[in-house]
Amino acid sequence: MDVLTIRNLSKCFGSLPVLKDISFSVRKGEVVSIIGPSGSGKSTLLRCATLLETMDAGSMSYGDLEIVRDGRYAEKSLLKAARNRFGLVFQNYNLFPHYSVLRNITDAPVCVQKRRKEEVVAEAKALLRKIGLEGRENAYPFQLSGGQQQRVSIVRALAMNPEILFFDEPTSALDPELTGEILRVIRQLAEERMTMVIVTHEISFARNVSDRIVFMADGLIVEEGPAKELIDHPREERTRAFLANATSGTI
């Protein structure tokens, strides 16, 4: 069963085409990494998938919810229902600085999803224990390291009980030591078969944690396939050139 289905997505910024006829789907329990050079359209694809950008053409469904058909968006009630099916982890955390860790996590489930506060708080504390932040419920973002803030942002997304979790370069704002913290959390979620789409520049991590990798360049999906097969034996010359540069550290 596909959790997300996108067909023939196109997106322009002004006269500049950024995404060109993209078709893309994610099955339940699948981990998909999207790799490619800067400016290839990876983050824009995620922003369209999470309704932060409007696609110009194409169709999109979350399971049985068709929310875009031929570039026309469904009514607000369907879009709201779709938003409850996914979570998004940003590269720069996007925590509310004036909220405690616990309130950052529980605010949306209580206020948006209208769930019982006691239930949400208990789940939030359990998730914080799981990722090694037990006892930091009352801390504020400025009191946490970058890696801890990113872990809180992951818990905030998980607290919405999403069917699919999107990560947009989740380690790009972190130094190498803190990067390891976040990659361990994502690896743990992958082992639990959380459905995830990860835009990342961490090629070896993508190879080892993903079921499938999508390589994008110039607004197109150039190649996609099983993770180890694509990284170890890319078919397309554009993919081979990117991976050679990635391995040598020149991108």
Side-chain angles (χ1 to χ4, degrees), residues 1-91 108 112-113 157-158 160-170 190 193-200 206 210-227 230 235-236 238-239:
M1 170 187 167
D2 286 345
V3 177
L4 169 67
T5 305
I6 292 173
R7 294 285 175 262
N8 309 115
L9 185 163
S10 294
K11 172 69 179 176
C12 294
F13 291 128
S15 60
L16 177 67
V18 179
L19 296 172
K20 309 167 189 174
D21 197 29
I22 296 286
S23 293
F24 175 76
S25 62
V26 185
R27 296 186 298 276
K28 183 177 176 59
E30 187 178 31
V31 179
V32 180
S33 287
I34 304 176
I35 64 172
S38 297
S40 59
K42 307 183 299 297
S43 291
T44 302
L45 173 57
L46 238 61
R47 291 179 67 81
C48 287
T50 55
L51 302 174
L52 294 174
E53 295 283 358
T54 304
M55 62 173 70
D56 298 325
S59 302
M60 180 165 65
S61 301
Y62 276 92
D64 59 341
L65 287 181
E66 185 178 41
I67 56 173
V68 190
R69 178 186 291 181
D70 299 327
R72 296 170 62 90
Y73 280 73
E75 62 267 22
K76 288 183 178 179
S77 61
L78 273 182
L79 297 180
K80 182 179 178 180
R83 286 189 175 96
N84 279 324
R85 295 195 179 188
F86 63 78
L88 174 60
V89 177
F90 299 90
Q91 54 184 289
V112 177
Q113 294 182 329
L158 289 171
M160 300 290 284
N161 292 325
E163 294 180 11
I164 181 171
L165 200 54
F166 295 95
F167 293 85
D168 186 10
E169 296 278 14
R193 304 314 299 169
M194 179 75 200
T195 309
M196 294 185 284
V197 176
I198 308 165
V199 169
T200 183
S210 310
D211 299 299
R212 182 160 52 96
I213 288 179
V214 174
F215 171 65
M216 291 184 66
D218 303 318
L220 298 166
I221 292 179
V222 175
E223 182 173 354
E224 63 178 302
L230 186 143
R235 299 187 306 274
E236 301 295 328
R238 185 70 181 82
T239 316

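None of these values were measured; they are calculated from a predicted model. Scope of the values below: all heavy atoms of this structure, side chains included, with no hydrogens, waters or symmetry mates.
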Less than 3.5 Å apart, which donor and acceptor atoms pair up between the side chains of residues 4-16 and the rest of the protein, not counting sequence neighbours?
unit_1: Asn8; atom_1: ND2; unit_2: Asp21; atom_2: OD1; d: 2.8
unit_1: Ser10; atom_1: OG; unit_2: Asp21; atom_2: N; d: 3.3
unit_1: Lys11; atom_1: NZ; unit_2: Thr54; atom_2: O; d: 2.8

Looking at [X] and [Y], what are the two nearest heavy atoms and their distance?
X      : Y      : value
Leu51  : Leu79  : CD1-O, 4.1 Å
Leu78  : Leu65  : CD2-CD2, 3.3 Å
Lys42  : Met216 : CA-SD, 4.1 Å
Arg235 : Glu223 : N-OE2, 2.8 Å
Pro162 : Gly87  : CB-N, 3.5 Å
Ala217 : Arg238 : CB-NE, 3.9 Å

Straight-line distance of [X] [atom1] to [Y] [atom2], nearest 0.5 Å:
X      : Y      : atom1 : atom2 : value
Ser43  : Phe166 : OG    : CZ    : 12.5 Å
Leu88  : Phe167 : CG    : CZ    : 9.5 Å
Thr50  : Ile164 : OG1   : CD1   : 10.5 Å
Arg193 : Lys28  : CZ    : NZ    : 11.0 Å
Thr44  : Met55  : OG1   : CE    : 12.0 Å
Met60  : Tyr73  : CE    : OH    : 5.0 Å

**OP:** Flag the pair Val197 / Leu45 as yes when at least one side-chain heavy-atom distance between them is below 4.5 Å, and no otherwise.
**Re:** no
Original post:
Do Pro226 and Asp211 touch side chain to side chain, with heavy atoms closer than 4.5 Å?
Top reply: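 A side-chain contact under 4.5 Å is absent here.
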Original post:
So, Glu224 side chain and Arg212 main chain: donor-acceptor pair closer than 3.5 Å or not?
Top reply: no
Original post:
Would a distance-only check, ignoring hydrogens and angles, find a side-chain to backbone donor-acceptor pair under 3.5 Å from Asp168 to Phe90?
Top reply: no
Original post:
Taking it one step at a time, do Met160 and Asn84 satisfy side-chain contact (heavy atoms from CB on, under 4.5 Å)?
Top reply: CA-CA 7 Å; Met160 300 290 284; Asn84 279 324; 4.2 Å; yes
Subject >> Summary of ring pair (Phe, Tyr, Trp, His ring centres under 6.0 Å) pairs that have at least one residue in residues 18-72, sequence neighbours excluded >> reply: Tyr62-Phe86
